[in-house]
Amino acid sequence: MPFDPSLHPAPTTSPLTRAGVDDRWRAAFDDVETVDVAGHDRLLARVTRTDRGACDVLADDGPRRTTWGADVVAAVAHDPLAVPSTGDWVVVQPWPDGHDTVEAVLPRRTAVVRAQVGGTSSGQVLAANVDVVAVVEGLVPDPDLGRIERFLALAWDSGAMPRLVLTKGDLAPDGEALAADIGAEVAAGCPVDVTAAHEGAGLDALREVLAGGATVALLGASGVGKSTLLNGLLGTQVMATQELGAVHKGRHTTVTRELHLAPGGGCVVDTPGLRSVGLQGQDGLAEVFADVDDLAAGCRFTDCSHDREPGCAVQAAVASGELPERRLESWRKLQREARWQASRVDARLRQEQLRHWKAITKSNRARPSR
Ligand SMILES: Nc1nc2c(ncn2[C@@H]2O[C@H](COP(=O)(O)OP(=O)(O)OP(=O)(O)O)[C@@H](O)[C@H]2O)c(=O)[nH]1
Ligand SMILES: [Mg+2]
Ligand SMILES: [Zn+2]
């Protein structure tokens with residue numbers, strides 16, 4: 001019988017396909033002007049890891065090491081969010097001398113952005129083009145509910161679908177019941193997983209999400225078990241994890257944000273534990289605290305701050321035990337912070353506009369009059 005190649009598909013799928021390329025990314029790539037540098041065509045690639053001014057990318061012919069091209073350097077000088085980030089789809093230019101540069105970052109579909117707490121820049125992209133943000137928290141020691149609320153708000157703001165992963169289920173005898181309580185209080189509307197990654201327990205739902213080709217980012221504090229979860233999902237020890245039983249000194253085991261291809265499809269982004277995540281906006285909070293907003297609709301005053309106003313439905317719910325007081329306090333704290341952050345960004349934009357306007361008047365003055 002003659003050899004029929006269609007009956008013998010390539011044993012491995014191409015790296016870009018595994019990284020989740022689709023027609024829209026290819027079209028976005030085609031939209032970017034391409035310059036032929038001595039026959040070295042530009043390539044579509046996905047960023048798997050970033051360093052200062054450099055990043056590892058995955059192209060159709062495999063991994064490449066790149067540095068930022070001039071356009072990217074210029075864009076970053078104006079906007080810190082323009083930094084090529086893990087998960088970004090980029091245009092790579094191979095040069096005749098063998099080195100590669102990132103010439104453009106394709107418009108992101110989603111981005112997990114944290115506000116820089118106390119910093120001067122406008123924020124930092126933790127992961128780009130993520131479909132699902134898994135907020136990871138351990139069932140042991142006692143889970144920090146305020147931290148989960150904060151990370152979930154960040155997740156909602158990213159445009160990706162949030163979910164809550166509670167690790168160390170093997171150490172919590174009543175893990176499932178605890179998870180149900182936590183889910184009901186802080187993660188209404190989100191899927192909740194209870195995992196024990198060493199034992200491969202509780203990973204099926206996440207594996208299914210990955211098998212659909214999704215990119216899943218793991219977000220959470222240091223030591224909650226993100227890298228252990230990644231290793232469990234990938235079935236290999238790709239990332240080092242904290243030593244079992246080691247006294248956690250707050251040192252971070254994972255120091256880079258890395259995108260990994262899962263064997264059954266999809267990608268997982270592991271991130272270093274975050275001590276502080278500032279919130280950029282209030283939209284995510286509205287999602288996380290939808291119960292408070294629903295109650296607030298019953299307050300006598302539309303601008304009720306749910307403090308001491310008469311006819312406050314939120315305070316009434318706290319008094320009756322329907323709404324935990326902790327939750328109202330957490331809502332207050334995060335609202336205040338998000339409002340402060342918003343006003344800070346507004347102030348920065350005003351400053352920039354002022355600088356821009358001054359530069360224009362200066363250049364107008366410098367122009368010779370006729
Ligand atoms: N018993 C048990 N231990 C776990 C589980 N998940 C993680 N651990 C342990 O918790 C410790 C921290 O796990 P890591 O995966 O390194 O935590 P991480 O979130 O990646 O930490 P950073 O990289 O610092 O952000 C390690 O000693 C793990 O072995 C689990 O499901 N059960
Ligand atoms: Mg880690
Ligand atoms: Zn009120």
Side-chain angles (χ1 to χ4, degrees), residues 49 86 114 126-127 133-141 143-144 147-148 151 164-173 175-176 178-179 192-203 206 216-234 236-260 268-277 289 291-320 322-323 325 327-329 331-332 335:
R49 206 184 116 127
T86 302
R114 73 155 159 180
L126 299 177
V133 173
V135 172
V136 185
E137 177 77 10
L139 282 168
V140 175
D144 183 336
R147 188 159 74 190
I148 297 175
F151 277 112
L164 176 60
V165 179
L166 297 167
T167 61
K168 312 191 185 183
D170 52 316
L171 302 179
E176 290 292 340
L178 192 56
V192 181
D193 308 287
V194 178
T195 63
H198 294 107
E199 304 166 2
L203 303 178
L206 276 167
V216 177
L218 309 179
L219 231 62
S222 183
V224 297
K226 297 178 297 298
S227 301
T228 306
L229 183 62
L230 170 86
N231 291 339
L233 289 169
L234 267 62
T236 53
Q237 292 290 118
V238 279
M239 287 298 279
T241 57
Q242 287 171 19
E243 244 171 80
L244 256 175
V247 182
H248 187 50
K249 299 201 187 74
R251 213 177 309 125
H252 295 213
T253 309
T254 307
V255 291
T256 54
R257 291 179 285 275
E258 288 192 35
L259 181 137
H260 301 269
V268 185
V269 179
D270 189 14
T271 65
L274 297 173
R275 206 164 295 149
S276 63
V277 283
F289 290 94
D291 54 343
V292 177
D293 278 355
D294 283 352
L295 287 166
C299 294
R300 187 177 306 163
F301 303 109
T302 47
D303 63 346
C304 186
S305 64
H306 321 311
D307 194 7
R308 272 145 204 228
E309 291 91 338
C312 173
V314 175
Q315 282 292 352
V318 171
S320 76
E322 184 192 345
L323 182 74
E325 186 157 17
R327 195 148 160 86
L328 177 57
E329 270 159 22
W331 174 83
R332 262 209 200 99
Q335 283 286 339

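Note that ligands are numbered from 1 as they come in the structure, with each ligand's atoms numbered from 1 the same way. This one's a predicted model, so the numbers in the text were calculated from it and none came from an experiment.
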With a cut-off of 2.8 Å, does Ser227 put an N/O/S atom close enough to the Mg ion (ligand 2)? yes

Any idea which part of [X] is under 4.0 Å from ligand 1, heavy-atom wise: side chain, backbone, both or neither?
{"X": "Ala197", "answer": "backbone"}
{"X": "Thr228", "answer": "both"}
{"X": "Val224", "answer": "both"}

Looking at ligand 1, does any of its N/O atoms fall within less than 3.5 Å of an N/O of [X]?
{"X": "Leu171", "value": "no"}
{"X": "Ser222", "value": "yes"}
{"X": "Gly225", "value": "yes"}
{"X": "Asp170", "value": "yes"}
{"X": "Gly273", "value": "yes"}

Considering all heavy atoms, the nearest [X]-[Y] contact:
{"X": "Leu139", "Y": "Ala172", "value": "CB-CB, 4.0 Å"}
{"X": "Arg257", "Y": "Thr86", "value": "O-OG1, 2.9 Å"}
{"X": "Val292", "Y": "Val314", "value": "O-CG2, 4.0 Å"}
{"X": "Glu137", "Y": "Asp144", "value": "OE2-N, 2.8 Å"}
{"X": "Leu229", "Y": "Ala197", "value": "CA-CB, 4.0 Å"}

Measuring from atom 20 (O) of ligand 1, which candidate in Gly202, Ser227, Gly232 has the nearest non-hydrogen atom? Ser227

Nearest heavy atom to atom 30 (C) of ligand 1, choosing from Lys226, Lys168, Glu199, belongs to Lys168

Which of the numbered atoms in ligand 1 are under 4.0 angstrom from any heavy atom belonging to Ala196? 31 (O)

Within 4.0 Å of some non-hydrogen atom of His198, the atoms of ligand 1 are 2 (C), 3 (N), 4 (C), 5 (C), 8 (N), 29 (O), 30 (C), 32 (N)

Just by distance, do the side chain of Arg300 and the backbone of Glu309 share a donor-acceptor pair under 3.5 Å? no

Could you check whether any side-chain N or O of Thr167 sits under 3.5 Å from a backbone N or O of Val224, counting only pairs where one atom can act as donor and the other as acceptor? yes

Nearest 0.5 angstrom please: Gln315 CD to Cys299 SG, how far? 9.0 Å

The atom of His306 among N, O or S that is nearest the Zn ion (ligand 3) is ND1

Other residues, nucleotides, ligands: >12 heavy atoms within 6.0 Å of Glu325 CD: no

